[in-house]
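The shown structure was predicted, so the numbers you read here are calculated from the model rather than taken from an experiment. Note that ligands are numbered from 1 as they come in the structure, with each ligand's atoms numbered from 1 the same way. The first residue in the sequence is number 1, and the count goes up from there.
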Amino acid sequence: MQINTPTVPMIDLSRAQESSSHTSTFARDVAEGLSTKYKTLPSRYFYDGTGSRLFQQIMDLTEYYLTRSELEVLTQNKESMATQFSQGGSFHLIDLGAGDALKTKLLLQELTTQQRSFDYVPVDISKDAMLELSESLQQELPQLKVEAVVGEYFQALEWLQENKDGRKVVLFLGSNIGNFEAAESITFLQSIRSYLHAGDQLLMGVDLRKDPGIILNAYNDEAGITAAFNLNLLHRINRELGADFNVDQFCHHAIYNPQEGVMRSFLVSKQAQDVHISEAGLTVHFDAWEAIHTENSYKYSIPQVEGLGRQCGFAVDTVFYDKQKGFADVLFSVA
Ligand code: AVJ
């Protein structure tokens with residue numbers, strides 16, 4: 001489905017999927033996750049309006065170093081990145097999970113300054129975010145060609161495959177890869193690879209392994225914003241799926257496992273309770289102190305990232321670090 005206003009061209013793929021079934025994908029995912037022995041909810045549902053605003057606040061937290069570190073990487077290396085993107089001639093810059101594109105804007109600026117031939121395709125599941133981004137880019141970089149896509153990553157890549165020829169440079173920033181289990185990240189990168197050709201590139205942001213205390217604090221902030229972000233998932237289920245979670249009776253708990261290099265976030269039930277979820281046609285029982293696993297945030301080493309790329313048909317061109325080497329943006333070429 002295409003929505004074209006005179007000012008903001010935007011492709012909305014999000015509804016095509018939803019209307020096809022009676023129960024929403026959300027309801028089905030929630031029902032499935034809460035019906036297993038170890039309860040779980042997919043972290044991609046964090047980002048409704050409130051969740052996206054809370055994530056913006058997380059990015060401003062002193063404890064949450066990731067965004068500042070990546071901003072430093074991009075600020076220090078944008079010239080070299082822009083030059084390497086452009087080596088094969090004109091290209092589509094595809095930004096998976098663009099959000100407010102704060103970091104990408106540094107690259108867009110630089111590419112514009114270098115007078116490179118490219119257009120910008122931000123992809124996000126949040127329609128509001130894509131509307132705001134398109135409008136802000138029109139103000140800030142009026143000569144830039146932008147076509148925002150609202151939808152899941154692979155819907156968007158599918159759409160691109162059918163609608164845009166030419167070279168592609170894919171951005172997957174912000175350590176979003178960290179949300180995937182090892183096997184999922186392989187499938188994910190292999191799928192991205194299947195849409196790319198010789199000469200195409202991928203720039204991926206990864207949070208690196210470091211002092212566990214620093215990592216732990218990033219997900220246990222003093223102000224409790226991360227807790228609110230995690231708990232908002234229950235508010236969202238209440239609102240959108242007609243559930244009756246007593247959110248006060250759950251608490252945020254996040255732990256770091258330094259052997260696996262993973263932060264795991266949970267919502268823990270403070271008492272025995274039953275929760276009814278109308279849209280899912282389900283009543284869920286919680287024992288006292290039973291937990292729902294809501295997120296993984298994997299931390300990588302550089303050899304791991306190289307190995308992951310290699311398994312998925314990518315070769316590392318350049319690793320860009322921040323000063324402390326706590327975060328890296330890795331530029332891959334199709335191998
Ligand atoms: C957006 C997935 C990179 O895992 O660090 C922040 C989300 N969760 N605080 C991350 C998040 C809790 C974030 N990513």
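- Ring pair Phe266/His293 is tilted by interplanar angle, where 30° to 60° counts as tilted.
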Please tabulate, one line per pair, the protein N or O atoms found under 3.5 Å from any N or O atom of ligand 1, giving the distance to one decimal.
from: ligand 1; atom 1: 4 (O); to: Ser297; atom 2: OG; distance (Å): 2.6
from: ligand 1; atom 1: 5 (O); to: Tyr64; atom 2: OH; distance (Å): 2.5
from: ligand 1; atom 1: 5 (O); to: Tyr219; atom 2: OH; distance (Å): 2.5
from: ligand 1; atom 1: 8 (N); to: Glu295; atom 2: OE1; distance (Å): 2.7
from: ligand 1; atom 1: 8 (N); to: Glu295; atom 2: OE2; distance (Å): 3.4

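- The salt bridge (charged side-chain N to carboxylate O under 4.0 Å, His left out) check on Asp119 picks up Lys145, Lys164, with sequence neighbours excluded.
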Validation: residues 324-335 side-chain donor-acceptor distances under 3.5 Å, sequence neighbours left out:
from: Ser333; atom 1: OG; to: Asp317; atom 2: OD1; distance (Å): 3.3
from: Ser333; atom 1: OG; to: Asp317; atom 2: OD2; distance (Å): 2.5

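- Counting non-hydrogen atoms of neighbouring residues, nucleotides and ligands closer than 6.0 angstrom, the CZ atom of Arg310 reaches no more than 12 such neighbours.
- By the side-chain contact (heavy atoms from CB on, under 4.5 Å) test, Glu110 is found to be paired with Lys78, Glu79, Ala82, Gln114, residues two or more places apart in sequence or in another chain being considered.
- Within a 6.0 Å sphere centred on CD of Glu162, heavy atoms belonging to other residues, nucleotides or ligands number more than 12.
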